[in-house]
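Both backbone and side-chain heavy atoms feed into the values below; hydrogens, waters and symmetry mates do not. Order of the sequence lines sets the chain letters (A, B, ...), proteins ahead of strands, with each chain counted from 1.
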Protein chains: 2
Amino acid sequence: MSSINKRITIKEVAKEAKVSPSTVGRAIGGYGYVSGQTRRKILKTAKKLNYHPNLLASNFRRQKTHTIGLIIPDITNPFFTTVARGVEDQARKKQFKVFVCSTDEDPDIEKEYIDDLIQRRVEGFVIAPSTGGGKHLFNLQSDKIKFVVVDREVKNLKADTVHSDNVDGAYRLTNYLIKLGHRRIGIINGAMQTSVAIQRFTGYKKALLESNVPIVDALVKGNDWRMEGSYKHTMELLTSKFPPTAIFAANNILGVGVLRALREMGLKVPTDMSVVCFDDVPVASLMYPFLTVVAQSPYTMGKLAAQILLERISGQGPAERQDIVLKPNFIIRESCRPPRNSGEIHILSGMEDK
Amino acid sequence: MSSINKRITIKEVAKEAKVSPSTVGRAIGGYGYVSGQTRRKILKTAKKLNYHPNLLASNFRRQKTHTIGLIIPDITNPFFTTVARGVEDQARKKQFKVFVCSTDEDPDIEKEYIDDLIQRRVEGFVIAPSTGGGKHLFNLQSDKIKFVVVDREVKNLKADTVHSDNVDGAYRLTNYLIKLGHRRIGIINGAMQTSVAIQRFTGYKKALLESNVPIVDALVKGNDWRMEGSYKHTMELLTSKFPPTAIFAANNILGVGVLRALREMGLKVPTDMSVVCFDDVPVASLMYPFLTVVAQSPYTMGKLAAQILLERISGQGPAERQDIVLKPNFIIRESCRPPRNSGEIHILSGMEDK
DNA sequence: ATAATATATAGTAACGTTATCAGCTCTGTT
DNA sequence: AACAGAGCTGATAACGTTACTATATATTAT
């Protein structure tokens with residue numbers, strides 16, 4: 001029935017409705033003066049001719065696209081897709097479209113995507129910087145391109161940000177393990193070039209220092225956010241001379257790697273090893289062994305970031321930069337117990353069905 | 001340093017390099033004749049002035065966008081994000097960008113997104129139709145808009161498709177359970193408006209019929225692809241008069257719902273219940289109870305779909321429509337055992353660490 | 001040597017929309 | 001009755017690029 005290929009333009013509609021093209025433009029675009037009568041007539045004939053506005057032309061003329069870019073490091077990580085959902089929902093409210101780009105943690109791809117989207121004249125970005133990325137963000141800033149940073153911070157970059165209180169979250173998880181009696185707590189961290197990793201490590205150290213538990217280098221592992229590394233590092237911990245009695249995984253993906261390694265070594269959680277994790281693992285949390293975590297609010301993060309960005313775009317935002325810090329949510333489940341040979345009593349009554 | 005806001009155009013570059021705007025266009029766009037010398041000069045001054053081509057203008061002029069749309073029902077489902085990765089990787093190879101839109105299984109949102117992307121003049125779509133959607137695909141076709149359907153088929157729609165052999169996969173899973181001795185096999189299916197659900201049900205029935213196992217209505221559940229429904233239906237199965245000894249979940253999300261219900265009822269897999277699942281559950285598969293599944297190849301699906309679409313766009317594809325069927329990969333893990341009180345011997349030596 | 005062709009550049013006209021301006025009609029106010 | 005102003009419509013000129021045409025020069029074929 002309908003056909004975009006006929007390429008009906010405003011002119012054809014104008015001729016058919018016996019008005020000028022500019023009037024059609026006003027009627028359909030909803031700007032300027034049009035009488036109710038002619039508007040109705042125009043909309044009717046537009047429908048009849050199956051007119052579809054050419055946004056390519058419109059965007060070009062106005063040099064606006066009503067589009068923002070979302071740059072995330074990994075589209076298969078549910079954390080980031082949930083951020084994406086938050087961004088999209090908020091954008092949809094304001095009639096904005098979102099270009100989602102996954103950089104695979106590669107700064108080059110990140111730059112490539114950002115450049116391309118600039119050429120396509122997106123009106124702003126929500127960016128979760130990739131590991132080692134972030135340098136071009138300074139250029140963005142000098143180019144007066146609007147953007148909001150989510151999840152990870154970039155050193156010395158003065159920009160609007162939305163992120164979790166990583167120090168506090170890591171502190172609470174570690175402290176929880178200490179209070180259970182653990183003294184040898186391994187940490188499987190992500191890439192130390194990311195603020196997130198640094199901050200979570202800070203929280204980890206803070207808890208240990210506070211309780212006078214020594215920080216042992218051999219228990220500190222990690223250099224990227226991939227599961228493979230996490231698996232490898234956990235294996236190293238497990239096969240070392242003095243393996244830990246508990247492991248802190250610095251995000252959901254790393255947490256899965258830890259669990260895989262434990263499983264392969266035939267170690268059970270929490271009987272043989274206590275495990276805590278930063279981030280909730282959506283699917284895993286529904287199954288054994290039911291991780292104790294601090295859960296972030298990725299949806300809220302995305303939503304707030306988009307909100308701030310869209311305010312900036314429409315010129316409503318405050319002059320000073322905004323830095324929104326969300327407290328993560330501490331959820332105690334059944335993945336921890338006091339260490340095997342500790343003198344401590346069993347504080348938890350976990351699931352003991354193994 | 002650089003500044004997009006100066007809005008350097010081809011004209012400025014031309015003036016600076018003392019050539020005509022059209023020559024600059026050819027040098028930068030890489031079409032038509034330009035001598036090596038002037039090209040170098042132009043590229044140099046373009047860089048000096050920090051010229052960024054305005055794709056808005058270029059796309060408009062050529063009525064091409066080098067962009068395709070990807071429509072998926074649920075961006076938080078790892079199956080679809082992996083499809084997305086496949087599509088993106090393939091598109092990147094051909095210098096195409098991908099607009100990823102998640103419809104939340106809502107046909108109205110689906111139509112809205114498709115219409116918007118048409119107005120933005122994407123050059124084609126890869127579509128995993130939402131439940132109950134697909135009607136507007138017929139319009140797309142009469143509008144001569146190119147698209148490839150992935151994962152789910154649309155009845156009577158003659159279009160290029162890429163999907164799994166759902167009948168066969170379901171058949172193999174069900175048959176496996178039967179051979180283990182199960183006679184009461186529950187199925188938690190998705191929305192029966194989707195081809196996928198119908199085909200998996202067909203495979204299920206085929207296996208039962210072939211072995212003369214009666215098809216019991218009370219064991220057949222499901223009407224959408226959400227976890228909540230799956231959880232509820234599993235609960236119904238478990239609390240019914242004659243509960244099944246095994247459950248077949250028709251996709252990964254439903255599988256998680258099944259496991260959650262089992263967990264809450266205190267039933268262990270595979271001791272108390274055997275479970276098989278269509279789709280691999282990426283995170284869950286690394287943990288207990290280690291599901292037996294038929295795994296699809298979402299990445300390949302996305303890649304092939306994009307490949308076919310891009311061929312169509314560049315006019316290379318064959319005249320006849322292509323229908324690519326991928327065989328799912330049967331992976332036996334430890335989530336199944338013979339039923340408790342069956343006379344069968346234990347065929348499997350699963351993980352018996354419970 | 002001359003014609004034919006390839007190479008290189010410039011000039012011009014679109015692509016379809018919207019911003020701006022000009023003109024006209026209709027209110028309502030002085 | 002004159003006039004200000006709002007309401008409505010139409011003509012025109014962009015937005016920045018690329019397709020096309022025209023012209024000039026270099027290269028090759030005859």
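A donor and an acceptor atom never sit less than 3.5 Å apart when one is taken from the side chain of B:S20 and the other from the base of C:dG11. Scanning atom types as modelled, one donor and one acceptor separated by under 3.5 angstrom connect the side chain of A:R61 and the base of D:dA14. Side-chain atoms of A:R121 and base atoms of D:dG16 include no donor and acceptor less than 3.5 Å apart.
Both B:V34 and A:N54 lie near DNA chain C, and the one whose nearest nucleotide falls closer to the 5' end is B:V34. Of the two residues contacting DNA chain C, namely B:A57 and B:T23, the nearest-nucleotide position lying further toward the 5' end is that of B:T23.
Under the 4.5 Å side-chain criterion, counting only non-hydrogen atoms from C-beta, B:Q63 is in contact with A:N54.
Using a cutoff of 4.0 Å between basic side-chain nitrogens and carboxylate oxygens, B:D115 and B:K111 are scored as salt-bridged.
Distances shown here put every side-chain N or O of B:Y31 at or beyond 4.0 Å from the OP1 or OP2 atom of D:dC20. Side-chain N/O atoms of A:T38 include one lying less than 4.0 angstrom from OP1 or OP2 on D:dT9. OP1 or OP2 of C:dT18 sits under 4.0 Å from a side-chain N or O of A:S58. For D:dT9, the OP1/OP2 oxygens have no side-chain nitrogen or oxygen of A:Y33 closer than 4.0 Å. Phosphate contact (OP1/OP2 of C:dT9, side-chain N/O of B:S35, threshold under 4.0 Å): present.
Contact detail for A:H66 and B:R120: the closest heavy-atom pair is O-NH2, 3.7 Å.
Atom NZ in A:K18 sits roughly 22 Å away from atom P in D:dC8 (whole-Å rounding). One can place CD of B:Q63 at 8 Å from C1' of C:dG16, the figure rounded to the nearest angstrom. One can place NE2 of A:H52 at 15 Å from P of C:dG16, the figure rounded to the nearest angstrom. Following rounding to the nearest Å, B:R120 (CZ) and C:dC15 (C1') show an atom-to-atom distance of 19 Å. Between the NZ atom of B:K11 and the P atom of D:dC15 there is a distance of 6 Å, given to the nearest Å. Atom CD in A:E12 sits about 13 Å away from atom C1' in C:dC15, given to the nearest Å. If you measure from atom CD of B:Q119 to atom P of C:dG16, you get 15 Å, rounded to the nearest angstrom. Whole-Å rounding puts the A:I10 CD1 to C:dC15 P distance at 14 Å.
Distance from the side chain of A:Y51 is smallest to C:dT17 among C:dT17, C:dT9, C:dT18.
Within a 6.0 Å sphere centred on NZ of B:K41, other residues, nucleotides and ligands contribute more than 12 heavy atoms.
Side-chain atoms of A:E110 and A:S130 include a donor-acceptor pair closer than 3.5 Å.
The aromatic ring of A:F60 is stacked on the base of D:dC15, with the two ring centres less than 5.5 Å apart and the planes inclined by under 30°.
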